[in-house]
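Single-structure report; data block below.
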Amino acid sequence: QVQLVESGGGLVQAGSSLRLSCTASGRTFGSAMGWFRQAPGKEREFVAAISWSGSLTYYGDSVKGRFTISRGNPKNWVYLQMNSLKPEDTAVYYCACDTLRLGRTPREYDYWGQGTQVTVSS
């Protein structure tokens, strides 16, 4: 019903910046959007979330102060600006939609994109 597509991943050097984009189709009005990431052998990790209006945001501790989540215009676009990238940020990044709440755990999200690979070299 809801389809999410991420883009913007790639291979970058440590200390550089990258912006990920996510576009949603279907019924997403009023829903929160989030970004998660998963590295090989690791659990899926919360990165950031934003309310429908964009007025409320949350960040995982590991990215706080470096990453910024934002809504586009129209609001079916969401972005993740990543600055001061570290090799530890290497992961597949997923865009997700939470139709019921502004969640911070994967199980709270209802729809997921296919992911985009971010690789940070040292």
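- Rounding to the nearest 0.5 Å gives a distance of 9.5 Å between OG of S16 and CG of N83.
- With values rounded to the nearest 0.5 angstrom, R71 atom CZ is found 8.5 Å from S53 atom OG.
- A distance of 9.5 Å separates OG in S84 from CG in D89, rounded to the nearest 0.5 Å.
- Contact of the Q81 side chain with the S17 side chain is registered, since non-hydrogen atoms from C-beta on lie closer than 4.5 Å.
- A donor-acceptor contact under 3.5 angstrom links the side chains of T105 and E108, judged on distance only.
- Judged by distance alone, the side chain of S21 and the main-chain N or O of S7 form no donor-acceptor pair under 3.5 Å.
- Annotation for F36: hydrophobic cluster partners, listed by chain and number, are F46, L56, Y58, V92, Y94, L102, Y109, W112 (ILVMFWY side-chain heavy atoms under 4.5 Å, direct or chained).
- When hydrophobic residues (I, L, V, M, F, W, Y) are linked wherever their side-chain heavy atoms come within less than 4.5 Å, the members clustered with I69 are V2, L4, V12, L18, L20, M33, W35, V47, I50, Y59, V63, F67, V78, L80, M82, L85, Y93, Y111, V118, V120.
- More than 12 heavy atoms of other shown residues, nucleotides or ligands fall within 6.0 angstrom of atom CZ in R101.
- Among residues two or more places apart in sequence or in another chain, the side chain to side chain contact (heavy atoms under 4.5 Å, CB included) test is passed with L11 by T119, S121.
- Looking at T90 and Q117, their side chains come closer than 4.5 Å, going by heavy atoms from C-beta outward.
- Under a 4.5 Å side-chain heavy-atom cut-off, the cluster of Ile, Leu, Val, Met, Phe, Trp and Tyr residues that includes W52 is completed by F29.
- Checked against R37 for a salt bridge (Lys or Arg N to Asp or Glu O under 4.0 Å), the options E43, E6, E45 give a single hit: E45.
- Residue K42 holds its NZ atom at 10.5 Å from CD of E88, rounded to the nearest 0.5 Å.
- Partners of C97 according to the disulfide (SG to SG under 2.5 Å) rule, which considers only residues two or more places apart in sequence or in another chain, do not exist here.
- The OG atom of S122 sits 13.5 Å away from atom NZ of K86, with the distance rounded to the nearest 0.5 Å.
- A distance of 9.0 Å separates CD in Q1 from OG1 in T99, rounded to the nearest 0.5 Å.
- Remark: D61 engages K64 in a salt bridge, criterion side-chain N to carboxylate O under 4.0 Å.
- With side-chain heavy atoms closer than 4.5 Å counting as contact, directly or through intermediates, the hydrophobic cluster containing Y79 also holds W77.
- Looking at every heavy atom in both residues, G103 comes nearest to A49 through O-CB, 3.8 Å.
- A donor-acceptor pair under 3.5 Å links the side-chain atoms of N76 to the main chain of A24, judged by distance alone.
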